[in-house]
Asks: 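Okay, handing you the structure first.
Order of appearance sets the numbers: ligands from 1, and atoms from 1 within every ligand.
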Amino acid sequence: MSDTKKHYGFTTTILHNDRRKPIEQGSLHKPIHTSVAFGYGDARQLASVFQGKEPGFRYGRQGNPTVAALEDKISKMEDGVATLCFGTGMAAIGALAQALLKEGDHVVSSSFLFGNTNSLWNTVAGQGTDVAFVDATDVANVEAALRDNTRLVFVETVANPRTQIADLARIGELCRARGILYVVDNTMTTPWLFRPKAVGAGLVVNSLTKSIGGHGMALGGALTDTGLFDWSGYPNIAPNFRKLAPAAQGMAQLRAKSLRDFGASLGPEAAHHIAVGAETLALRMDRTCANALALAQMLEADDRVAAVYYPGLASHPQHGIATDLFRAYGSLFSFELKEGIDCFDYLNRLQIAIPASNLGDTRTLVIPVAHTIFFEMGPERRASMGIAESLIRVSVGIEDTADLVEDFRSALS
Ligand SMILES: *Cc1c(COP(=O)(O)O)cnc(C)c1O
């Protein structure tokens, strides 16, 4: 499969990507390189690798062949120009603050966020970068929050757990017009359902722990540069990275500051497990999205359920945006039970779905949100984020549809 053929589909490309580069002993899967250091017969070659004059690996913290193969796969998935992998999704998001922000900078973030990302932005705010949280389902709120020192706008595609969808395309237009870096966390949609590059994102975040790995057996995260952002206009690029081609400056600084200096690296074994899982991303997502839609429709039609939040339902406020932009509506939904049904009792009656806090596993996982992942932020912030005390989040797996529907239905009584 040569690189001149660019028209292969998503899954074909991911499956065969490793073979586009010379691969050891004809091995069909990229081998797991556990070596931390990389030796060179010629000391001058070692020096030029260190100086970035020729490609090569120096030390495992900055890069590793197994991790590089995964980075390449994710770039293909997102149609990006370069990807950096990290030890977790949070490390990938933390790298933005670590490598790209300074005291006195300003960030505009969606207020509908993964709980730990919310906490991370609060930490960043405590270190001298101002963070404005806005309702990003309306671009007007983002625009009103922008300042001269706004360095980046951060949104999630589908917010976990209430499934609000950011005004993705309009925010992209706004950021492009103002020359602001647009960062989109694509974890919930994955590059199979949506490519943030299509709405102008400069950087894309993926937690590889979730649907891309898919098996829930390895942590990982990634940042992908889509090639759309002009780094030559970004104020916080250090002088030594300014010497590089403008297109390479952002990722070079991110790799140096967050991997080399901060050590947020992904290990080769985890990279291997994620790469194996990634091969079936599209197949799994098609199944989990179909299951999620069936479950959401059944629950919405049942009068013991107070509310169902799923972008695939016509009742969802951003159903139109989701229909326009996404291939399907995702594997995650949440719902509230009517008063009189205790959410803990309901969860304990489920036979198939497992109370657990991960997302994007092959197994269906359920969690009482207010009492677990959103417990620390307290009732007021929960209310402002639309998190009811009885809210149950469901990460839908690949089980047989009829079995899941029956499980969720019979637990209602
Ligand atoms: C899970 C998640 C993260 C963090 O990823 P980890 O790999 O668990 O660190 C970030 N963003 C979203 C939307 C997530 O669901």
Asks: Purely on distance, is any nitrogen or oxygen of Gly89 under 3.5 Å from one on ligand 1?
Replies: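 Yes.
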Asks: For ligand 1, is there an N or O atom under 3.5 Å from any N or O atom of Ser207?
Replies: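 Such a contact does occur with ligand 1.
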Asks: Compute the shortest N/O to N/O distance between Leu219 and ligand 1 and return yes if it is under 3.5 Å, no if not.
Replies: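 No, there is no polar N/O contact under 3.5 Å.
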Asks: State which residue, out of Ser384, Ser110, Ser111, fulfils the side chain to side chain contact (heavy atoms under 4.5 Å, CB included) condition with Phe133.
Replies: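 Option passing the side chain to side chain contact (heavy atoms under 4.5 Å, CB included) with Phe133: Ser111.
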Asks: Below 3.5 Å, N or O to N or O, backbone or side chain included: is there any such pair between Lys210 and ligand 1?
Replies: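 For ligand 1, there is an N or O atom that lies under 3.5 Å from one belonging to Lys210.
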Asks: Name the closest protein heavy atom to atom 9 (O) of ligand 1, giving the residue it belongs to and the distance to 0.1 Å.
Replies: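 Answer, as residue, atom name and distance: Met90 N, 2.9 Å.
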Asks: With ring pair (Phe, Tyr, Trp, His ring centres under 6.0 Å) as the rule and sequence neighbours excluded, what pairs involving residues 139-170 come up?
Replies: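 Found Trp121-Phe154.
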Asks: Between Tyr329 and His319, how do the two ring planes meet: parallel, tilted or perpendicular, split at 30° and 60°?
Replies: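 Because their plane-to-plane angle is under 30°, the rings of Tyr329 and His319 count as parallel.
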Asks: Find all atoms of ligand 1 within a distance of less than 4.0 Å from any non-hydrogen atom belonging to Gly220, and give their numbers and elements.
Replies: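 Counting from 1, the qualifying ligand atoms are 7 (O).
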Asks: Any idea which protein heavy atom is nearest atom 3 (C) of ligand 1, and the distance to it?
Replies: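 Of every protein heavy atom, Phe114 CE2, 3.4 Å lies nearest to atom 3 (C) of ligand 1.
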Asks: I want to confirm something. Looking only at heavy atoms, which of Thr209, Asp185, Asn160 is nearest to atom 13 (C) of ligand 1?
Replies: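 Looking at heavy atoms only, Asp185 sits closest to atom 13 (C) of ligand 1.
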Asks: So if I count the atoms of ligand 1 from 1 in the order they appear, which ones are less than 4.0 Å from some heavy atom of Met188?
Replies: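 In order of number, 15 (O).
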Asks: Does one side chain, of Arg284 or Thr288, offer a donor that lies under 3.5 Å from an acceptor on the other?
Replies: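 There is no such pair between these side chains.
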Asks: Using a 4.0 Å heavy-atom cut-off, say whether Leu359 meets ligand 1 through its side chain, its backbone, both or neither.
Replies: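 The part of Leu359 near ligand 1 is the side chain, not the backbone.
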Asks: Run through Val139, Thr137, Val158, Val155 and flag the one making a side chain to side chain contact (heavy atoms under 4.5 Å, CB included) with Leu168.
Replies: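 Going through the options one by one, the only one that passes is Val155.
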Asks: So, is the end of the Arg393 side chain (NZ or CZ) under 6.0 Å from the ring centre of Phe374 and within 45° of the ring's axis?
Replies: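 The answer is no, since Arg393 fails at least one limit relative to Phe374.
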Asks: Looking at residues at least two apart in the chain, or sitting in another chain, which of them share a ring-ring contact (aromatic ring centres under 6.0 Å, His included) with Phe38?
Replies: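 Phe38 satisfies ring-ring contact (aromatic ring centres under 6.0 Å, His included) with Phe57 only.
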